[in-house]
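These figures come from a predicted structure and were not determined experimentally. Below, each value reflects all heavy atoms present in this structure, side chains not excepted, and no hydrogens, waters or symmetry copies.
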Amino acid sequence: MTAEIRHYSAEELPEIRQYILGIHAEVRHRDFGLTGPFYDVERFDERLSTYASRPGWSAVFATENGEPVGFAFGCPLPAETRWWSSMITELPDGYTDEDGVRTVALNEIVVRKPWRGRGIAWQIHEEWLSGRTESRVTLLVNPANGNGAVQAVYEAWGYRTIGKQQPFSDSPVFACMTRELR
């Protein structure tokens, strides 16, 4: 069985916000043991609000038999983006040039444990990307998540690591990954 997935705009976020916050806490805290101020639900909620305030933000939310399963959300990188400014690794000239249509950032994709290993994360990922028109997608992954298994999943989905990034002073150093879309 596959999950039922629905698209959401920023205006519709209130319909799913509490589910997203609950799933975030369940997966990040309990399943992955990620704690500390950066992973607090309040901080995540602040980031969610910031991301959702940006033009082009969209989300997908998955359920199965009415049970919340997971979600993904993100937005395009505008010309004045700070996304690339926290790179630790130097990138080739032009790689970070943005115009609002070149790159979309996948800010979060989370699936609850009972639904992992069934291809639902891939289904959520591809459904979210199906509505995107950008030419590439980028994401950040904590290499420690699942002892590297999460990053390996993204590699299997066609992403490649382009360097390291630390977007917040109290965040982990993330692997920055990209995948061409068109």
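Of all non-hydrogen atoms in Pro68 and Thr63, the two that sit nearest each other are CA-CG2, 4.1 Å. Contact detail for Gly74 and Asn107: the closest heavy-atom pair is CA-OD1, 3.1 Å. Heavy-atom minimum distance, Ala105 versus Trp128: O-CH2, 3.7 Å. Closest non-hydrogen pair, Arg102 versus Asp97, comes out as NH1-O, 2.8 Å. The nearest pair of heavy atoms linking Ile162 to Thr89 is O-CG2, 3.9 Å. Shown here for Cys75 and Arg54, the closest heavy-atom pair between the two residues is SG-CD, 3.9 Å.
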Evaluate Glu98 against Thr103 for side chain to side chain donor-acceptor pair (under 3.5 Å), listing each step before the verdict.
CA-CA 7 Å; Glu98 298 297 344; Thr103 309; 2.9 Å; yes
Leu13 vs Tyr51, side-chain contact (heavy atoms from CB on, under 4.5 Å): CA-CA, chis, key distance, verdict
CA-CA 11 Å; Leu13 177 57; Tyr51 298 140; over 6 Å; no
Could you walk me through whether Arg17 and Ser49 pass the side chain to side chain donor-acceptor pair (under 3.5 Å) check?
CA-CA 10 Å; Arg17 180 185 289 273; Ser49 293; 3.3 Å; yes
Derivation and outcome, side chain to side chain donor-acceptor pair (under 3.5 Å), residues Arg132 and Ser58:
CA-CA 9 Å; Arg132 306 307 316 180; Ser58 68; 2.9 Å; yes
Evaluate side-chain contact (heavy atoms from CB on, under 4.5 Å) for Val137 paired with Thr178, printing each intermediate quantity in order.
CA-CA 6 Å; Val137 58; Thr178 61; over 6 Å; no
Begin from the C-alpha positions of Val104 and Arg136 and carry the test side-chain contact (heavy atoms from CB on, under 4.5 Å) through to its verdict.
CA-CA 6 Å; Val104 64; Arg136 67 181 181 182; over 6 Å; no
Using side-chain contact (heavy atoms from CB on, under 4.5 Å), reason through Met87 and Cys176 one step at a time and then give a plain yes or no.
CA-CA 8 Å; Met87 289 297 296; Cys176 183; 4.0 Å; yes
For Glu126 and Arg179: C-alpha separation, side-chain torsions, deciding distance, then whether salt bridge (Lys or Arg N to Asp or Glu O under 4.0 Å) applies.
CA-CA 12 Å; Glu126 292 302 297; Arg179 178 181 129 180; 3.2 Å; yes
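The backbone N or O of Val111 sits less than 3.5 Å from a side-chain atom of Arg116, completing a donor-acceptor pair. Between the Thr81 side chain and the Pro78 main chain, no donor and acceptor come within less than 3.5 Å of each other. With hydrogens and angles ignored, the 3.5 Å screen pairs a side-chain donor or acceptor of Gln123 with a backbone N or O of Ala3. A donor-acceptor pair is defined here as one N or O able to donate and one able to accept, closer than 3.5 Å; such a pair exists between the side chain of Asp99 and the backbone of Val101.
Residues passing the salt bridge (charged side-chain N to carboxylate O under 4.0 Å, His left out) test with Glu46, sequence neighbours excluded: none. Partners of Trp57 by ring-ring contact (aromatic ring centres under 6.0 Å, His included), not counting sequence neighbours, listed by chain and number: Phe73.
Checked by atom type, the side-chain pair Gln166/Ser86 shows no donor-acceptor distance below 3.5 Å. A side-chain donor from one of Glu127 and His7 sits under 3.5 Å from a side-chain acceptor of the other.
Within the structure, side-chain hydrogen bond (donor to acceptor under 3.5 Å, both in side chains) contacts touching residues 137-150 (residues at least two apart or in different chains) are Tyr39-Asn142. The ring pair (Phe, Tyr, Trp, His ring centres under 6.0 Å) pairs that include a residue from residues 93-114 are Trp84-Tyr95, where partners are two or more places apart or lie in different chains.
Contact check for Tyr8 versus Ile16: side-chain heavy atoms found under the 4.5 Å cut-off. By the 4.5 Å heavy-atom criterion applied to side chains, Pro37 and Arg43 are counted as neighbours. Residues Ile20 and Phe61 have side chains in contact (heavy-atom distance under 4.5 Å, counting atoms from C-beta outward). Annotation: side chain of Leu181 is in contact with side chain of Leu129 (closest heavy-atom distance under 4.5 Å). With contacts defined as side-chain heavy-atom distances shorter than 4.5 Å, the pair Val141/Met177 qualifies. Side-chain contact between Glu108 and Leu48 is absent, with no heavy-atom pair separated by less than 4.5 Å.
For Arg182, the CZ atom counts as densely surrounded, since its 6.0 Å shell holds more than 12 non-hydrogen atoms of other residues, nucleotides or ligands. By the 6.0 Å contact criterion, CD on Glu4 is open, its count of non-hydrogen atoms from other residues, nucleotides or ligands being 12 or less. Counting non-hydrogen atoms of other residues, nucleotides and ligands closer than 6.0 Å to OH of Tyr19 gives a total of 12 or fewer.
With a 6.0 Å cutoff to the six-membered ring centre and a 45° limit on the axis angle, Arg112 does not count as a cation-pi contact of Phe71.
A salt bridge links Arg6 to Glu12: at least one charged side-chain nitrogen sits closer than 4.0 Å to a carboxylate oxygen.
The distance from the CD1 atom of Ile120 to the CD atom of Glu64 is 5.0 Å, given to the nearest 0.5 Å. Between the CZ atom of Arg82 and the CG atom of Leu77 there is a distance of 12.0 Å, given to the nearest 0.5 Å. One distance of note links OG of Ser171 with CG of Leu140; it measures 8.5 Å at 0.5 Å rounding.
Val173 shares a hydrophobic cluster with Ile88; the chain of contacts runs through ILVMFWY side chains whose heavy atoms sit under 4.5 Å apart.
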Atom pairs and distances, donor-acceptor, side-chain atoms in residues 148-161, under 3.5 Å, two or more places apart:
residue	atom	partner	partner atom	Å
Gln151	NE2	Thr161	OG1	3.1
Tyr159	OH	His125	NE2	2.7

